[in-house]
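Written below as structure tokens is the structure these notes are about.
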Amino acid sequence: ALAAHQTFTPGGLIRRLGVSSGVAAPLATAAAFIADGKNLFETLTFALGVYRPDGDRPFWEEAPLKAGDVAAAEDGKPKTRRRLVGRTRVYTWISRGVRLLPEEDGTVRHIAYGPGVHPEGPDVPQDDPFLALVKDPRQGRLGAVRLREDRAFWRDFTALFPEEGKGTTPGTLKTAYKIAEDLPQGEDQIPLAVAGQVADRAKVLEVRRERYPLPRRVDLGILQNYVENALEAADGVATCLRRATWVLAARLLSQTRDPDPADVRNLQASFPALRHYYHRLGSAFPGFLLGLGQDPTAAFKRWEGVAHETALSAWNLTRQTLGTEPRALKAVQEGERALAACLRKEEKHE
């Protein structure tokens, strides 16, 4: 529990030793990417990335920190600062100062708790092979890919394959594919686990672990192209659904008054169309990934078909919630025309 706390604790109020708040731990909000093998040996092997010590050393090889070392400096932050670099340095990072207070018989019932080491420079590890990094266009620096509360990770899958200079692919994924080239035929996939916390400052909203089967014999570059095209196609169909549900909401409200755009948005958000669409399509995404290992072109065509079918299913579900009053039927009719026209354009584009 103590090791997990040091790695995953979110930032928040402390008010100890003159420090008002503690900094979030290295993995407080970052998503970790783990390639699962068919057994423990293979999983551990997949996780072996290239390691260059270059002066790296764990915290336990340094002198133990004392209360004065983590007390507030002039800027109100802990005095002790270290760069968040080096594999063993990151994995033994002291996010909080914890001192065990043993009883006479050696058991521990109480601890002293306070601020820890403050990162100097970037607050995200730049060389952790379990992380995917993307460049923040506003701040111009690399940050860790995170899980989001409002969507499953498959919708952000392209974050694993950033353009050159705009991020990094997890080292564990690269290593797994390199090793898989030398493994005998048999397993047709590398299960990729995506795990992490979704946090809002000091509050952990959820802890999530998702799994995706990556085709073992497909080049990462080919995988990247097909995934990008698949997500673009899915978003294109989702845009059609948004357009149709906007028309539906606007027509429902306009029959009684001139609707305010905010009211239209609120009514549109209450429809189940997009939630149903992304949930059902997410269930089909693992099958699409596996299909890329057999016939990428056919797998992509099937994906396009599933996206269109799921959009129609989502629309029908929404339509059923509106009843059969004349004004509802008229609004549904106009929304369906908008949906059909948009989907035809998407098919031509594809």
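Quick note: residue numbers are just sequence positions, from 1. Hydrogens, waters and symmetry mates are skipped; everything else that's a heavy atom, side chains included, is used.
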Worksheet item: Judged by modelled atom types alone, do Ser313 and His276 share a side-chain donor-acceptor pair under 3.5 Å?
Response: yes
Practice prompt. Please determine, by modelled atom types, if Asp56 and Thr88 share a side-chain donor-acceptor pair under 3.5 angstrom.
Written response: yes
Discussion item. Is it the case that the ring center of Tyr113 lies less than 6.0 angstrom away from the ring center of His5?
Written reply: yes
Worksheet entry | side-chain contact (heavy atoms from CB on, under 4.5 Å) evaluation trace for Leu322 with Leu252 | CA-CA 10 Å; Leu322 300 178; Leu252 284 171; 4.1 Å; yes
Worksheet entry | Plane angle bin for Trp154 and Tyr278 - parallel if under 30°, tilted between 30 and 60°, otherwise perpendicular | tilted
Item to complete: Would you mind reporting whether Asp219 and Tyr177 have side-chain heavy atoms less than 4.5 Å apart?
Response: no
Worksheet item: So which heavy atom on Leu160 is nearest to which on Ala132, and how close?
Response: CD2-CB, 4.4 Å
Practice prompt. Answer yes or no for Arg89 and Phe59: cation-pi contact, defined as NZ/CZ to six-membered ring centre under 6.0 Å and angle to ring axis within 45°.
Written response: yes
Discussion item. Counting only heavy atoms not in Arg99 (residues, nucleotides, ligands), do more than 12 fall under 6.0 Å from its CZ?
Written reply: no
Discussion item. Please verify the inter-ring angle class for Trp303 with Phe288; under 30° counts as parallel, over 60° as perpendicular, anything in between as tilted.
Written reply: tilted
Worksheet item: So, the side chain of Gln224 versus the backbone of Leu220: is there a donor-acceptor pair under 3.5 Å, distance only?
Response: no
Please tabulate, one pair per line, all N/O donor-acceptor pairs under 3.5 Å involving side-chain atoms of residues 15-33, not counting sequence neighbours.
residue : atom : partner : partner atom : Å
Arg16   : NH1  : Ile14   : O            : 3.2
Thr29   : OG1  : Arg146  : NE           : 3.3

